[in-house]
Amino acid sequence: MTQENISTSSPRDTKWREELRNKKTARERTSIPRVKMPELDPSYRITCNEEVNQGISEVQALTESSRCLDCPDPQCVTGCPVSINIPGFIKNIERGEFMKAAAVLKETSALPGVCGRVCPQERQCESRCIYNKMKKEPVAIGYLERFAADHERLSPSKPALTKPTPNGIKVAVAGSGPAGLSFAGDMIKRGYDVTVFEALHEIGGVLKYGIPEFRLPNSIVDTEIDSLASQGVKFVKDCIIGKTLSYDGLKESGFAAIFVASGAGLPRFMGIPGENLIGVMSSNEYLTRINLMGAGHAGHDTPVLKGRSVAVIGGGNTAMDSVRTALRMGAEKAFIVYRRGEEEMPARAEEVHHARQEGVQSMTLSNPVEYLADENGRVRAMRVQRMRLGEPDASGRRSPVPIEGAIDEIETDLVIVSVGVSPNPLIPNAISDLEISRRGTIVVNDDTMKSSLDDLYAGGDIVRGGATVILAMGDGRRAAKAMHEALKSS
Amino acid sequence: MFHVYFVSLHIKVFETMNKIIEKEHFSEHVVKLVVDAPMIARSRRAGHFVIVRAGEGGERIPLTIADADPSKGTITLIVQEVGVSTRKICALEPGESLTDVVGPLGQATEIRNFGTVVCCGGGVGVAPLLPIIKALKQAGNRVVSVLAARNRDLIILEEQVREHSDEVIIMTDDGSQGRKGLVTDGVESVINRENVDLVVTIGPAVMMKFVALLTKKYNVPTMCSLNTIMVDGTGMCGACRVTVDGKTRFVCIDGPEFDAHKVDFDEMMTRLRSYNLTK
């Protein structure tokens with residue numbers, strides 16, 4: 001995943017960075033322990049929706065940033081799907097120029113406050129940090145990113161916007177999730193007239209309906225959206241491309257090209273008996289009711305079922321979000337049911353850790369095979385097949401094998417199915433010449449994100465089928481670059 | 001032409017979108033709203049629905065588009081008060097606006113010349129049936145419409161249905177209008193007297209279930225339109241799932257219309273009660 005790094009500010013050979021490097025020896029820097037993220041107490045946080053990670057202080061940020069060795073060939077950047085100039089922003093923090101640090105982030109990322117919170121840094125930038133080779137904990141790049149973004153957000157003085165000269169070319173974006181916002185941010189910087197169409201009544205896509213408040217507050221997402229709007233991005237909500245406004249309609253109304261980032265809208269179920277009982281629902285439904293619709297909170301009409309004993313099926317981030325949400329909704333017991341072992345869970349280590357701190361239990365090597373109803377048709381129990389780990393499968397994880405005859409009945413009155421999603425079919429169904437894969441994703445060129453249609457690009461989960469915020473954002477950036485080159489030369 | 005339209009929409013997005021233009025009470029709890037929604041009015045076809053929201057804390061509620069006027073840029077919605085959200089929607093007066101209207105959603109009805117079609121609607125189900133009656137008639141079908149309700153006050157849209165049907169049979173539970181009896185009695189009488197190529201049924205789930213049982217007996221293909229619980233209405237949540245021919249389908253994107261003989265109505269009725277149970 002190579003990509004031109006468009007961050008040009010704060011290069012490594014500027015004088016201040018040289019001076020900063022010479023201020024401390026490598027030994028001094030590497031002897032500093034990694035900062036610990038201040039967190040709300042688990043017993044308190046499950047009573048509310050407040051953000052669990054409280055963010056590091058200025059003093060902590062100054063110290064942590066001084067751990068960074070400002071490597072001549074920084075590998076962290078190669079681990080970032082949007083190629084953030086990581087040493088550039090960290091060294092600005094070290095010298096106390098927090099606003100400049102935020103500016104460096106914004107050169108390549110439309111959503112630094114979001115990425116600083118939800119990116120799996122431990123698998124990306126931080127996994128490539130030189131400290132790992134020294135058998136030490138990597139620089140807390142994610143915490144520092146969040147620090148810089150939050151500093152700018154909370155600062156009374158906003159940086160002056162350098163507005164590019166408008167080129168008068170209209171481009172459309174379908175979907176306002178991370179891929180769409182990232183694309184919009186890059187295109188508005190290049191002078192395009194960008195309109196983002198969103199199907200829901202809120203801008204932000206999965207950042208709003210999916211990721212819970214305690215992990216990513218909506219106010220953070222809104223700040224980033226406001227920032228894009230102030231740069232000139234137009235947002236139209238309640239408008240579904242392919243339904244309200246057709247692809248041809250977009251072209252007729254003067255849009256030169258479209259970027260489709262409509263997400264992974266279709267929840268998967270397992271197809272087992274009892275899955276349509278009352279009290280069995282997808283994590284998308286559960287989280288949307290609570291996060292987007294405000295179910296369970298005063299002043300909101302949307303209801304949500306509450307459970308005493310809530311089972312969440314799956315081991316990914318969405319499963320963790322759901323099970324932790326269930327605790328906050330008052331469940332006496334909330335547990336993960338996962339067919340592999342805990343080590344094979346795809347969720348972020350931090351999420352699993354937080355969930356455990358909060359009292360989430362996990363039932364690993366177990367797979368539901370049937371849900372049982374009470375006299376009202378509501379789920380009262382599930383039958384789980386116990387598993388053992390067999391040989392590694394295509395994903396490299398040891399695949400679960402059923403243990404013959406080992407089936408137990410477990411009591412539960414609310415089941416959240418979180419076993420993945422499929423691409424949203426609305427746009428693939430609406431555009432006849434668009435090439436679609438067997439899995440229902442839009443087929444694109446991996447480098448340019450261009451589809452089988454010359455003026456239609458796509459990225460995020462509609463292409464990947466279910467990935468992370470940052471990979472979606474990377475797609476948005478690559479599509480923006482390629483679309484810009486195509487439109488420039490046409 | 002579209003360009004101009006779109007530009008004007010941009011201004012409208014923040015000003016007059018979703019405004020109630022006209023309101024009419026069909027009965028105590030059933031209201032007709034004509035809503036300003038130019039883009040939806042242009043793109044909708046028979047069978048489509050919209051998701052609407054009244055108030056910032058409002059639920060997303062699916063409502064079938066009963067009619068549309070692309071030249072005026074309006075759509076017609078018929079709403080029955082059944083809970084908090086529909087009460088809020090029905091309380092809106094001309095000049096006020098729905099907070100959100102999004103659509104058109106779902107698959108449009110398959111319209112062609114089938115021959116003779118019996119269209120039967122129960123209660124407020126006549127509202128989504130009307131555009132289908134109209135379209136089927138225009139496609140050259142002989143359309144016999146059967147409207148059913150508990151009593152004469154609850155029969156809606158009779159005049160409009162008459163305008164687009166070859167024959168209209170009214171059935172009321174108490175005999176206060178038309179014939180006394182259930183919708184199935186009306187449908188059966190038509191099947192018994194002439195060849196029927198298709199039955200279209202829209203109404204309460206229990207009504208559609210019994211229409212389906214009846215027509216299955218006579219082997220008449222039957223299409224129903226389901227109104228399940230939805231949240232987003234775009235395929236995202238799966239709240240609307242139903243079992244059709246043994247497979248789980250989503251009403252919002254695969255439907256709302258399905259082969260009535262293959263729908264598991266008992267499961268659907270149970271799921272409709274999801275939020276009526278005491279917790």
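Proteins get letters first, then strands, A, B, ... in listed order; numbering begins at 1 in each. Both backbone and side-chain heavy atoms feed into the values below; hydrogens, waters and symmetry mates do not.
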- Show the numbers, then the answer: is there a side chain to side chain contact (heavy atoms under 4.5 Å, CB included) between B/Leu213 and B/His261? CA-CA 7 Å; B/Leu213 284 172; B/His261 295 159; over 6 Å; no
- Below 4.5 Å from any heavy atom of chain A, which atoms of B/Arg53 appear? Answer side chain, backbone, both or neither. side chain
- Message: Are there residues of residues 280-292 of chain A whose heavy atoms fall under 4.5 Å of chain B's heavy atoms? If so, which?
- Response: A/Val280, A/Met281, A/Ser282, A/Asn284, A/Glu285, A/Thr288, A/Arg289
- Query: What part of B/Val50 is in contact with chain A, defined as an atom under 4.5 angstrom from a non-hydrogen atom: side chain, backbone, both or neither?
  - Reply: neither
- Query: What is the minimum heavy-atom distance between A/Ser418 and A/Ala319, and which atoms define it?
  - Reply: OG-N, 3.2 Å
- Under 4.5 Å to a heavy atom of chain A? For B/Ile229 that would be side chain
- Item | Which of B/Gly238, B/Gly55, B/Gly235 touches chain A most, by non-hydrogen pairs under 4.5 Å | B/Gly235
- Item | Straight-line distance of B/Phe265 CZ to B/Met208 CE, nearest 0.5 Å | 5.5 Å
- Side chain, backbone, both or neither: which part of A/Leu266 has a heavy atom under 4.5 Å from chain B? both
- Task: Determine whether more than 12 heavy atoms belonging to other residues, nucleotides or ligands lie under 6.0 Å from atom NZ of B/Lys23.
- Result: yes
- Task: Mind ranking B/Thr270, B/Val84, B/Thr99, B/Asp100 by heavy-atom pairs under 4.5 Å with chain A and telling me who comes out on top?
- Result: B/Asp100
- Item | Partner set under side-chain contact (heavy atoms from CB on, under 4.5 Å) for A/Val206, not counting sequence neighbours | A/Pro178, A/Tyr209
- Looking only at non-hydrogen atoms, find the nearest pair between A/Arg378 and A/Lys306 and report the distance. NH2-O, 2.9 Å
- Turns out that what part of A/Pro425 lies under 4.5 Å from chain B's heavy atoms comes down to side chain
- Note on the structure: When every non-hydrogen atom of B/Ala66 is compared with those of B/Ile78, the smallest separation belongs to CB-CD1, 3.9 Å
- Can you name the residues that form a side chain to side chain donor-acceptor pair (under 3.5 Å) with A/Lys333, not counting sequence neighbours? none
- Item | Under 4.5 Å from any heavy atom of chain A - which part of B/Lys88 | side chain
- Query: Between B/Val200 and B/Ile132, which heavy-atom pair has the shortest distance, and what is it?
  - Reply: CG1-CG2, 4.3 Å
- Sequence neighbours excluded, which residues qualify as side-chain contact (heavy atoms from CB on, under 4.5 Å) partners of A/Asn276? B/Arg241, B/Thr243, B/Thr248, B/Glu267, B/Arg271
